Structures are given as C-alpha cells and as structure tokens.
> 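Here's a structure for you.
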There are 4 protein chains.
Amino acid sequence: MSPKIVDKELKTREIAQAALVLFSQKGYETTNVGQLAEIAGIGKGTIYEYFQTKEDLFIASINEWIEQDLTQMIALVDENDDPVIKLFTFIEGSMELHQNEDSSKIRLFIEFIKHAVMEDGIIYKKRNLIKEMKNRWVMMVVDILLHGVSKGVFKPEIARDAEKIAVNLLAYLDGISIRGLITEDAMENVPHTEYYIEGFFKSILAEPDKFGIYIKNL
Amino acid sequence: MSPKIVDKELKTREIAQAALVLFSQKGYETTNVGQLAEIAGIGKGTIYEYFQTKEDLFIASINEWIEQDLTQMIALVDENDDPVIKLFTFIEGSMELHQNEDSSKIRLFIEFIKHAVMEDGIIYKKRNLIKEMKNRWVMMVVDILLHGVSKGVFKPEIARDAEKIAVNLLAYLDGISIRGLITEDAMENVPHTEYYIEGFFKSILAEPDKFGIYIKNL
Amino acid sequence: MSPKIVDKELKTREIAQAALVLFSQKGYETTNVGQLAEIAGIGKGTIYEYFQTKEDLFIASINEWIEQDLTQMIALVDENDDPVIKLFTFIEGSMELHQNEDSSKIRLFIEFIKHAVMEDGIIYKKRNLIKEMKNRWVMMVVDILLHGVSKGVFKPEIARDAEKIAVNLLAYLDGISIRGLITEDAMENVPHTEYYIEGFFKSILAEPDKFGIYIKNL
Amino acid sequence: MSPKIVDKELKTREIAQAALVLFSQKGYETTNVGQLAEIAGIGKGTIYEYFQTKEDLFIASINEWIEQDLTQMIALVDENDDPVIKLFTFIEGSMELHQNEDSSKIRLFIEFIKHAVMEDGIIYKKRNLIKEMKNRWVMMVVDILLHGVSKGVFKPEIARDAEKIAVNLLAYLDGISIRGLITEDAMENVPHTEYYIEGFFKSILAEPDKFGIYIKNL
DNA sequence: CATGAATGAGCGTTCATTCAT
DNA sequence: CATGAATGAACGCTCATTCAT
C-alpha cells in the first residue's frame, strides 16, 4: 500500500468515527450529510470522495464502533489475569454504558439494532454484522468463564453451560443499559445491578461465600 | 347536527392501531403519511382530521400499544392464581415477543426507545410515557412475587428485594428479546432462556428442588 | 318570487356580507372556507348551497360591498340640499375610511383592486365591476358639482370640467386613504387633508373667500 | 476555498429582481416557488440556498423594488436643475406607472400595500419598510419644492406647507395610478391628470400665468 | 335543506447527491 | 483531491370541494 492509500483509509475511518457522534446523538435519519461533513471538518461533497452514500457511511460507522468497542474491552479485560477481576471488569465496562452520563454507546446500539431489524433498515441485509459482533462478545465472556473454571475459581459444571451463561449475562446488560436510558436518575438502577451481579457471581463461583472477599479487593 | 355520524374517538384509535403495523415494520421516519393513510384505509388528508401531525399519530400509537400490551398481559396473568404459573405465564408472554415470527412488538419497543432517548426524538420530551409503562410492568412482576411469598411458594426473604428482582428480570427479557431479533434462527435462544428461567425460579422458590415438578405441569 | 326563494336570496347576501369581514381582515387567499362558514354561522358544506365556489362568494362579497357603500353614501349626501355641505359630507364620508380605526373599507378596496388587476386575480375578467362602481362614484360627485353650479355656489366654468374634477378628487381620496393605512398615527394625515380640501373648495367655489364661513357652520 | 465561485449577494439580488416580475403579475400567494425558480432560471431547491422562505424572498423583492425605484427617480430628477422641470419630470415619472402598458410597478405597490395592512400579511410587521419608502418620496418632492422657492420660481408661502403639498401630490398620483389600472383605455385618465397638474402648478408657481410658457418648453 | 367527514391536488420546504471548478 | 452551489424527488401538511347522511 502506497502512503496515499493509507491516508485515504485513515481519513475514511476518521470520518466514520466522527459520524458516530451524530448518529448516537440524533440518529441516522435526522442527521444530514451537511452536519456529518461539518463534524468531520470537511466539505459536504468530500463525504462522497470517501463514501458512495450516506448509508455506506453509516455502515462504516458501525464497523468503526464495533472494532473500537471490542478492542477497548479486550484491552481492559486483558489487564488482569484473575478471572473474577476479568469478569468484573467486563461487567463494569459494559455498565459504563448507562452509569455514565454519556450514554452514546447504548444509544448507538439501539440505533444500529433498529436499522438491523426494520424492514427497510440500512443494515437489514447486513444484520450478520451485528450478529457477529454479539457473538464475539459472547466469546469474550465464554473465554473468561472457561479461564475461571480452569483456574478452579468458577464451578467446573458451568463449563458446559458457558455459552448460555454468557448470552444471558449480555442480554441482561443490554436490557439494564436500555432501562438506564429512560430513567431520570442515572444511579437509580445501581442497586438492582449490584444485586444481580452478586447473584450472578454466587451462581458461578466455586466458593460463593468468598464473593464478599473478592469484591472488597476491587 | 352532524349528519354523517362518526365515532371520532374510535376512529382515532383505529388509525393509531393501524399505524402501529407500519411503525413496527419500517420505523417512524421511513413510513410516510400516505402509507399510514393507506393502511388505515383512508385518504391522506383524513389523517389530519384525526391527528394534528404525524408526530401526534406516532405518540397516539405508542399509547395504543402500551394500553394494548399491558391489558393483554394482565388478562393473561390473571387467568390463574398459582404464583409460579402466573410468573411463568408472564415470562412466556414476554418471550412471545421473539419466539413468535411476528416480532413487531419488540421492534416497536426499539423504535419507541429510540425516539425517547435521541436528542431530537419524537418522544424525547415525553420520555416519562415509556418510563411509566416500564414501571407498571415492574409493579406487575412485584405483585406476582409478593403474592408468591404470601402463599409460601417463594422464599420470604425475596419480598425485600422484589423490585430489584423484577427490574432485573424485565431487563433480561428485554435484552434477550432484542438478541432474538438479530438471530437467524428464532429458536436459537430458547435453550439459553430455559437455562436462565430455571436458575431464576430456583433462586426465588421456597423449595428450589420442586422446580422440576412445577415445570412438568405446565 | 316565492318566499323560499326570497329567503335563499337573503341568506346568500347575509353570507356575502359576513364574508366581507374576513376578506377585509385577512384577504382572500388566507381566508379559508371553514372560517367563512364559521363567521356566517353555518356549516362548511352549506357555503356550497349558496355559492358554487369560494371565488363566487368573493365576487358576491364585492357586489354587496359596492351596493352597501354606495347606498350609504347616497343616503348621507341626500340628507342636505346645500351643495357645499353635500360635497363636504361626501369627502368626510370617504375620509372615514382612514380616520377611523376601522380601516376595513379601504383594505377591502385594496384587496378587490388587487384581484381586479392581477393576471390570475379572481375578478380580473370582471374588472368592469370595479370600474362601474368607480364611475358611479364619479357621477355622484359630478352631480353634486353641477348642482352647486346651478345653484350659483360653484363657479360656472367648472361645469365643463366636472368629470375631471370629480375623478381627481376621488383619486386623491383613494390615495390619501391608502397612505393612512401605512401610517402609525391615524391622525397624521389630517392636516394634509384639510389643507387639500381648503384648496379644493377654494378652486371651485364661486366665492372662494367665503370658504371660512362655510366651514364654520359644519 | 470555494471552487465554484458565486457572488452570493449578487445572485440573491438577481433572484429577488426576477421574482418581482411574477409578484407583480400574479401576486404573492398565487405565485409558487417553482415558478419563481423558473423565472430566475434556477432549480426549485436553489431558491432555498439564497432565501430561508418564500416570505423572505418576497421581502427581499420589496427591498429591491424600493431601491430600484427610488434610485431611478433620483437620477431622473437630478438631470435638470430647473425646479419646474424637476417637478414635472417627477410627476411624469410617477405617471409612467399607469400610462405605460407595463403597469407592474403600481401592481407591485398594491400587492405590497396589501401585505403591509392585512392582519396576516407578509410584511404586516415590517410595515415601516413601506412607510419609510413613502417618506423618502415625500422628502424628494419637498426638496424640489423648497429648491423652487429658493429660486423664486415657486411662491414663498408654500415653503411652510411643502410637506402637506408633497403628501397630497403623492396621494393623488397613487390614486390616479390605481384608477388607471381598472381602466380599459390607458389614455382615459390623461386629460384628467393634465387638468390636475395644471391646477397644481398654478397653485404653487410664483407666476401662475407663466405655466403655459413653461409647459411649452417640455 | 344542512352538514362536516373525507379527499387528493398542490403547496412550501428539505436533503442526498452531483459536478463544475 | 476538495469543494459547496445546484438540484428535484419526496416529504408533511392544507384546503376547496364533494357527498353520504
């Protein structure tokens, strides 16, 4: 690849990343190309040097987001080797979505889901994009769980059900994040979530009674 | 004296209900007023005899949906007095959302959430509409739980945490329903859900070991 | 004519008169049929029992206005036999248009003129309607002038130029009325008008110097 | 760096000037944006690159017209230093409005007045625009009159009444111009006007009897 | 005879996209 | 390569008119 091509690729990604801000704030339909150009710091026509259509930019944005999000989470989880800390970090990282005042990630998630499932949604035919992403998240959690089993920290019998547990955990995290959005007080759901997490950990820990000790160290 | 007698309120509700079909299939922005008129079996201009704007029709549709959905579920749950059956019915009723080939309800949910949380969403300023609905669902579950406690079927100690449990259950159900949408095979999540439900019931039943017996009778 | 027909005619005129209120306030285009029905105290559909189109109602309104206006002025002028008083009454009656806070007549005049002269104006093809009316006003003034000449009050030589004088007076009265509309203070033009009238009377009176005496008696 | 260099201000004025043609022919309401675009030789959407709304274009048109009209008249009047010729030129210039087959200016005047005085007229709240314009015309005439007085051509005593005389003259010119519009034969009013002008000049000339001599030289 | 619910043509306006520069 | 002026299809909405009652 010549440097020129690398530059083009880089700029393409920069535009897609800039677009994420607006897509998460206003949604796809009510964000117009002029605004996308403005936030990317380029001219309206220049958008079309990098993307064939607004839809293409949207799809590229999803890809950016998926990549970014996963990479970030992987880095976060990899920081520590302790399975409990790994899982806890993962959950906390996911919760960041709604505890934070910046709920852009979960709003993006909703927007993307919408366009994946609506009949004439932009990514209705590229639904597998989201699906694959979701699967990669499942795999992350599964890996952590199996790692914990192999270390003797998690119950051995959960190995068989690791995928189910992972999917269910992720479903819960999505659901509680969305709930967080339609809540006046961002902290409202915190006790519920803590309650859930405690139950969750106790159900997978080899020594459930040690949950309190684990948690103290975090 | 109005010669052409029309039950304005009834027709208003009929149009709002017809609109739900398109709003759930295509979303708000990509459904145009002509299509809304067509599916309601009326002329484009007639929409404006019943609603001031397309936005108003959207909001009326939400209200129809909320009313419909809750009424339906209440009827379903009230059919039986046994707390376990009540809760099971409730969960199954919620799951219908994504096990069914008709996923219109969960798609509506996403569309409405989107417009509740996006900066220029139609119901951004009427977010409490959705919030209130969600609270009514929480109350339903809480009632079932407390009913079960008073009957000695559920553990007495969950009474204190009933709201947390309810919120968490609903969050999970939302999350797994959304997952169901981006899945090729509608049945894919069934085992995960069953696994979750088993764990859930065992965590609240006074006699967890009897879960198998309960479930056999359903 | 059967009484039914008389009733119909009467109601037709009543509607046309009621419409004048709105046509003078808002103009033809921005007044809609619903508003015309409301001010006439009838149903929207009923308008079409009496007029084929909104345009027809507009034309009928003009006719009502013309009739009304002339009849009123004739009555006013006929109250007295003195030519100076007649003429003065006439001018004052015309000025009423703009000295009054109710400038509906002059606004109607503008609206009607507009639709008489614009290419696709409602009465572009019935322009003679307005023209005839204007001529009848000219005749009124001419009659007063000739009456004054025959009574020796006005200069005999103006008989020859009576029509010119009449037309010019009317033109001035229209012009100053319109000016009155775009004036903040309704009284602003009063001194100008008085100045004009003094000059006008002095130019036609057989004994110009007696103008002061005449005016004192009014 | 804008590659396609367009003088935005110039084009804005060009569009506003082109619009004048239609506004004077058809009026504001019955001229649609497509037609305005067509006469300006641009696409419908392009109108909105230069004006926020159709109303704004209308207002800009008025401003163009006011500017144009005054500038033209000032140039005409300034051509000569003789007060009589100046005033005569002014009156003739004003009369052009209705002697000409192109009566667009007086039709515009009516349209603008209408929208200045009707309750929901476009420039009801910008009435002072028209008012200021009218005042500038008054000042032009006043200046000519005072110039004539200072040159000894006009009676010294009119200096005191210059404004009244000016307003009255302008009112007459407006009125007679409007009359010209609803006349079949454009020449019909010429003798009346001549009669008026003769009277007018004789009333202000220091030596009224010389009017015939003055007029001969024009 | 009187009505107002129903209608669609037509409006003003927006915006993704094109393309001359 | 970058631009923003230009565009017209498509939108939401209005309203004169019709007609079943």
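In the text below, chain A, chain B and the rest are named by the order of the sequence lines, each starting its count at 1. These values consider heavy atoms only, across backbone and side chains, with no hydrogens, waters or symmetry-generated copies. Because the structure is predicted, anything quoted here is derived from the model rather than measured.
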> What residues, two or more places apart in sequence or in another chain, satisfy salt bridge (charged side-chain N to carboxylate O under 4.0 Å, His left out) together with C/Lys26?
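For C/Lys26, the residues satisfying salt bridge (charged side-chain N to carboxylate O under 4.0 Å, His left out) (neighbours in sequence not counted) are D/Asp120.
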> Using Watson-Crick and G-U wobble pairs whose two distances are both under 3.5 Å, how do you write the pairing of DNA chain F as dot-bracket, with | for links to another strand?
.||||||||||||||||||||
> Which heavy atom in D/Ala116 sits nearest to a heavy atom in D/Ile123, and how many Å separate them?
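Closest approach of D/Ala116 to D/Ile123, heavy atoms only: N-CG1, 3.6 Å.
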> Using a heavy-atom distance cut-off of less than 4.0 Å, which residues of residues 40-55 of chain A contact DNA chain F?
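Per residue number, the list reads A/Ile42, A/Gly43, A/Lys44, A/Gly45, A/Thr46, A/Glu49, A/Tyr50.
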> My understanding is that only residues two or more places apart in sequence, or in another chain, count here; which of them pass salt bridge (charged side-chain N to carboxylate O under 4.0 Å, His left out) with D/Glu29?
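Salt bridge (charged side-chain N to carboxylate O under 4.0 Å, His left out) list for D/Glu29, sorted by chain: C/Lys114, D/Lys114.
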> Side chain to side chain contact (heavy atoms under 4.5 Å, CB included) with C/Val21: which residues, sequence neighbours excluded?
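Result, side chain to side chain contact (heavy atoms under 4.5 Å, CB included) vs C/Val21: C/Gln25, C/Ile39.
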> On the ring face of D/Tyr28, is D/Lys54 found with NZ or CZ under 6.0 Å from the centre and within 45° of the axis?
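Positive - D/Lys54 is close enough to the ring of D/Tyr28 and near enough to its axis.
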> Quick check on contacts: within residues 118-127 of chain D, what sits under 4.0 Å from DNA chain F by heavy-atom distance?
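The answer is none.
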> Can you list the residues that meet the salt bridge (charged side-chain N to carboxylate O under 4.0 Å, His left out) rule with D/Arg127, with sequence neighbours excluded?
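Scan of D/Arg127 (salt bridge (charged side-chain N to carboxylate O under 4.0 Å, His left out), adjacent residues dropped) gives none.
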> Does a nitrogen or oxygen in the side chain of D/Lys11 sit under 4.0 Å from OP1 or OP2 of F/dA5?
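So the side chain of D/Lys11 is outside the cut-off, no N or O lying under 4.0 Å from OP1 or OP2 of F/dA5.
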> Centre-to-centre under 6.0 Å for C/Phe58 and C/Phe112, is that the case here?
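Yes; C/Phe112 has its ring centre under 6.0 Å from that of C/Phe58.
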> Using whole Å, what does the distance between atom C1' of nucleotide E/dT14 and atom CG of D/Asp56 come to?
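After rounding, the reported distance stands at 16 Å.
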> Rounded to whole angstrom units, what separation is found between the CD atom of B/Glu9 and the P atom of E/dA5?
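Whole-Å distance recorded here is 14 Å.
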> Got a sec? Which of residues 24-38 of chain A come in under 4.0 Å of DNA chain F, heavy atoms?
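None - not one residue of the stretch has a heavy atom sitting under 4.0 Å from the strand.
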> By side chain to side chain contact (heavy atoms under 4.5 Å, CB included), which residues pair with B/Phe109, not counting sequence neighbours?
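B/Phe109 satisfies side chain to side chain contact (heavy atoms under 4.5 Å, CB included) with A/Ile178, B/Trp65, B/Ile106, B/Ile113, B/Lys134, B/Asp174 once adjacent residues are dropped.
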> How would you list, by chain and number, every residue that makes a side chain to side chain donor-acceptor pair (under 3.5 Å) with B/Glu49, sequence neighbours excluded?
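In terms of side chain to side chain donor-acceptor pair (under 3.5 Å), with neighbours along the sequence ignored, B/Glu49 is linked to no residue.
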> With sequence neighbours excluded, what pairs up with D/Ser61 under the side chain to side chain contact (heavy atoms under 4.5 Å, CB included) test?
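Per chain and number, D/Ser61 pairs via side chain to side chain contact (heavy atoms under 4.5 Å, CB included) with D/Ala16, D/Ala19, D/Leu20, D/Phe23, D/Leu57.
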> Could I get the full list of side chain to side chain contact (heavy atoms under 4.5 Å, CB included) partners for A/Tyr50, not counting sequence neighbours?
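Counting only residues at least two positions away or on another chain, A/Tyr50 forms a side chain to side chain contact (heavy atoms under 4.5 Å, CB included) with A/Lys8, A/Lys11, A/Thr12, A/Ile15, A/Thr46.
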> Please give me the minimum heavy-atom distance between C/Val117 and D/Ile110, naming the atom from each residue.
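Shortest heavy-atom separation between C/Val117 and D/Ile110 comes out as CG2-CD1, 4.4 Å.
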